[in-house]
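First up is the structure itself, then whatever we jot down about it.
None of the values given here were measured: they were computed from a predicted structure.
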Amino acid sequence: MAKRKSGRDVHGIVLLDKRLGVSSNKALQEVRRLFNANKAGHTGSLDPLATGLLPLCFGEATKVSALMLDDDKRYQVTLRLGRMTDTGDCEGNIVKEMPVPVFTEADLLHKLQRFTGPIEQVPPMYSALKHQGKKLYELAREGKTVERQSRRITIYALHLLDFDSEYISLAVECSKGTYIRSLAEDLGHAMGSCATVTALRRIAAGMFNLENAHTLEQLEAMTDAERMQCLIAVDAPLRQLPAITLSTEQAASINHGQQIRIDGHAPGAVRMYSEQTFLGLGEILLDDKLAPKKLFNLNRQVA
């Protein structure tokens, strides 16, 4: 006999303003319990030191979470010059201290230009990337360091918010795969010293912004009906794709994994709907056929 689910089927995305000091997974489980949701996942973790926007996916929305990992991000970060830690942030152990050369705002702005645009970045040891099947942070906790290949990332913009002789605050707009801790360390070295992150806040991820997010305390204070109103539609992150509305017969074929003929549409990925119901993602092929690629089952959406 199949094990009965203890929760309920909830489908949608909740924007959480993650608080300081908790892991992304702990934050996810706290919100999951509030919704009593059967299935949940997040879209790219924030370190315990980091706060801010953490999109949480429930139910069928977990099928789009991998796509959201590719989103561009925006952060606000404060780094301390003259100090380096093993984790790249102030929660780690100090491994190096160096004097900080005197610098002007013009000096700093000139250095920031070097880190704007496509750059090569070496991921930190304290990261979830894997080496021979083991996560780097697990190796780091064992006192091991392995060589990491640099990766191509893009820093779209670096805005100087504030600075003094010891601290620098920046607004960062960047591509997926960017490690702000590595950026801080590299900037510290460019300044003729070293650096570590003391505060980090994610402001935006893809189409989602922090101003629309809720804290755990705000979600806890809501009624169940109010929390359900916070759910963003499963297909919201896919709105950049063209939409196709199918007839009942066409939808039935698609839901059975069959290709159907459809004329007058350019080849490529599309969103598929039957009346107002989101069916999933499909691809229009060169022979004018629509093939299902990722199907969603939203018929059991909790009201």
**Prompt:** For Arg152 and Ile119, what are the C-alpha separation, side-chain angles and deciding distance, and is it a side-chain contact (heavy atoms from CB on, under 4.5 Å)?
**Reply:** CA-CA 6 Å; Arg152 192 78 161 174; Ile119 63 171; over 6 Å; no
**Stepwise salt bridge (charged side-chain N to carboxylate O under 4.0 Å, His left out) check, Glu120 with Arg151** = CA-CA 5 Å; Glu120 295 289 326; Arg151 304 195 303 178; over 6 Å; no
**Asked** What's the verdict on side-chain contact (heavy atoms from CB on, under 4.5 Å) for Phe35 and Leu231, showing C-alpha distance, side-chain angles and the deciding distance?
**Response** CA-CA 10 Å; Phe35 281 85; Leu231 288 169; 4.1 Å; yes
**Asked** Given the rule in the side-chain contact (heavy atoms from CB on, under 4.5 Å) test, do Leu108 and Ile168 qualify, once you have shown the distances and angles that lead to the verdict?
**Response** CA-CA 9 Å; Leu108 180 51; Ile168 299 172; 3.7 Å; yes
**Request:** Begin with the C-alpha distance, continue with both residues' side-chain angles, and end with the deciding distance and a verdict on side-chain contact (heavy atoms from CB on, under 4.5 Å) for Val197 and Leu183.
**Result:** CA-CA 9 Å; Val197 170; Leu183 177 64; over 6 Å; no
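Within 6.0 Å of NZ on Lys176 lie no more than 12 heavy atoms contributed by other residues, nucleotides or ligands. In this structure, Gln240 places its CD atom where more than 12 heavy-atom neighbours from other residues, nucleotides or ligands lie under 6.0 Å away. Remark: Glu217 CD is packed, more than 12 non-hydrogen atoms of other residues, nucleotides or ligands lying under 6.0 Å away. Heavy-atom neighbours of His189 NE2 from other residues, nucleotides or ligands within 6.0 Å: above the threshold of 12. For Lys111, the NZ atom is densely surrounded, since the number of other residues' heavy atoms within 6.0 Å is greater than 12.
A 4.5 Å side-chain heavy-atom check between Cys194 and Glu185 finds every atom pair outside the cut-off. Phe163 has its side chain out of reach of Leu170: every pair of non-hydrogen atoms, C-beta onward, lies at least 4.5 Å apart. Side chains of Lys18 and Ser24 form a contact here, defined as non-hydrogen atoms less than 4.5 Å apart. No side-chain heavy atom of Pro101 sits under 4.5 Å from any side-chain heavy atom of Met191. Put simply, the side chain of Val270 does not reach to within 4.5 Å of the side chain of Leu241, judged on heavy atoms. Side-chain contact between Lys73 and Ser175 is absent, with no heavy-atom pair separated by less than 4.5 Å. Inter-residue side-chain proximity for Cys174 and Ile153 is flagged as unmet; no heavy-atom pair is nearer than 4.5 Å. Residues Ile203 and Leu53 have side chains not in contact (no heavy-atom distance under 4.5 Å, counting atoms from C-beta outward).
The hydrophobic cluster containing Val31 also contains Met228, counting ILVMFWY residues as joined when their side-chain heavy atoms lie under 4.5 angstrom apart, directly or transitively. Note: the hydrophobic cluster containing Ile232 also contains Leu210 (ILVMFWY, side chain heavy atoms under 4.5 Å, direct or indirect links). Linking Ile, Leu, Val, Met, Phe, Trp and Tyr whenever their side-chain heavy atoms come within less than 4.5 Å leaves Tyr156 and Met207 in two separate clusters. The same ILVMFWY cluster, assembled from side-chain heavy atoms under 4.5 Å apart, contains both Leu187 and Leu160. Two different hydrophobic clusters hold Tyr179 and Met84 under the rule that ILVMFWY side chains link at heavy-atom gaps under 4.5 Å.
Side chain to side chain, Thr198 and Thr78 fail the donor-acceptor criterion of an N or O pair below 3.5 Å. Using a 3.5 Å distance cut-off with no hydrogens or angles, the side chains of Arg32 and Asn38 do not pair a donor with an acceptor. Judged purely by distance below 3.5 Å, without hydrogens or angles, the side chains of Asp235 and Tyr273 pair a donor atom with an acceptor atom.
Without hydrogens or angle criteria, Ser274 side chain to Thr277 main chain gives no donor-acceptor distance under 3.5 Å. A distance-only check finds no donor-acceptor pair linking the side chain of Ser65 to the backbone of His42 [under 3.5 Å]. His11 contributes a side-chain N or O that, together with a main-chain N or O of Glu60, makes up a donor-acceptor pair within less than 3.5 Å. When atom types are taken as modelled, the side chain of Asn209 and the backbone of Asn212 share no donor-acceptor pair closer than 3.5 angstrom. Judged purely by atom type and a 3.5 angstrom limit, Arg227 uses its side chain to pair as donor or acceptor with the backbone of Met222. Formation of a donor-acceptor pair under 3.5 Å by the Ser182 side chain with backbone atoms of Val122 is found in this model. A donor-acceptor pair is defined here as one N or O able to donate and one able to accept, closer than 3.5 Å; no such pair exists between the side chain of Gln29 and the backbone of Lys26.
Ion pairing between Asp224 and Arg8 holds under the 4.0 Å rule for side-chain N and carboxylate O. Between Glu173 and Arg74, no side-chain nitrogen of the basic residue sits less than 4.0 Å from a carboxylate oxygen of the acidic one, so the salt-bridge criterion is not met. With salt bridges taken as basic N to acidic carboxylate O contacts below 4.0 Å, one links Glu166 and Arg80.
Separating the CG atom in Leu79 from the OG atom in Ser169 is a distance of 7.5 Å, to the nearest 0.5 Å. Rounded to the nearest 0.5 Å, atoms CZ (Phe115) and CD1 (Ile155) are 9.5 Å apart. Expressed to the nearest 0.5 Å, how far CG of Leu200 lies from CG of Leu46 amounts to 7.0 Å. To the nearest 0.5 Å, the span separating CG on Asn297 from NZ on Lys63 amounts to 7.0 Å. To the nearest 0.5 Å, atom CG of residue Leu158 and atom OG1 of residue Thr116 are 4.5 Å apart. Atoms CG and CZ, from Leu219 and Arg33 in turn, are 13.5 Å apart once rounded to the nearest 0.5 Å.
Looking at every heavy atom in both residues, Asp89 comes nearest to Thr85 through O-OG1, 2.7 Å. In plain terms, the two heavy atoms of Thr51 and Arg19 that are nearest each other are CG2-C, 3.9 Å. Here the closest non-hydrogen pair linking Arg181 and Asp47 is NE-OD2, 3.1 Å. Shortest non-hydrogen contact noted between Ala61 and Ile13 is CB-CG1, 4.0 Å. For Leu281 against Phe296, the heavy-atom pair with the smallest separation is N-CE1, 4.4 Å. Taking each heavy atom of Cys57 and Met68 in turn, the nearest pair found is SG-SD, 4.1 Å.
Geometrically, Lys39 does not engage Phe58 in a cation-pi contact defined by less than 6.0 Å to the ring centre and at most 45° from the axis.
A side-chain hydrogen bond (donor to acceptor under 3.5 Å, both in side chains) with Asp17 is found for one member of Gln218, Arg201, Arg202 and no other, namely Arg201.
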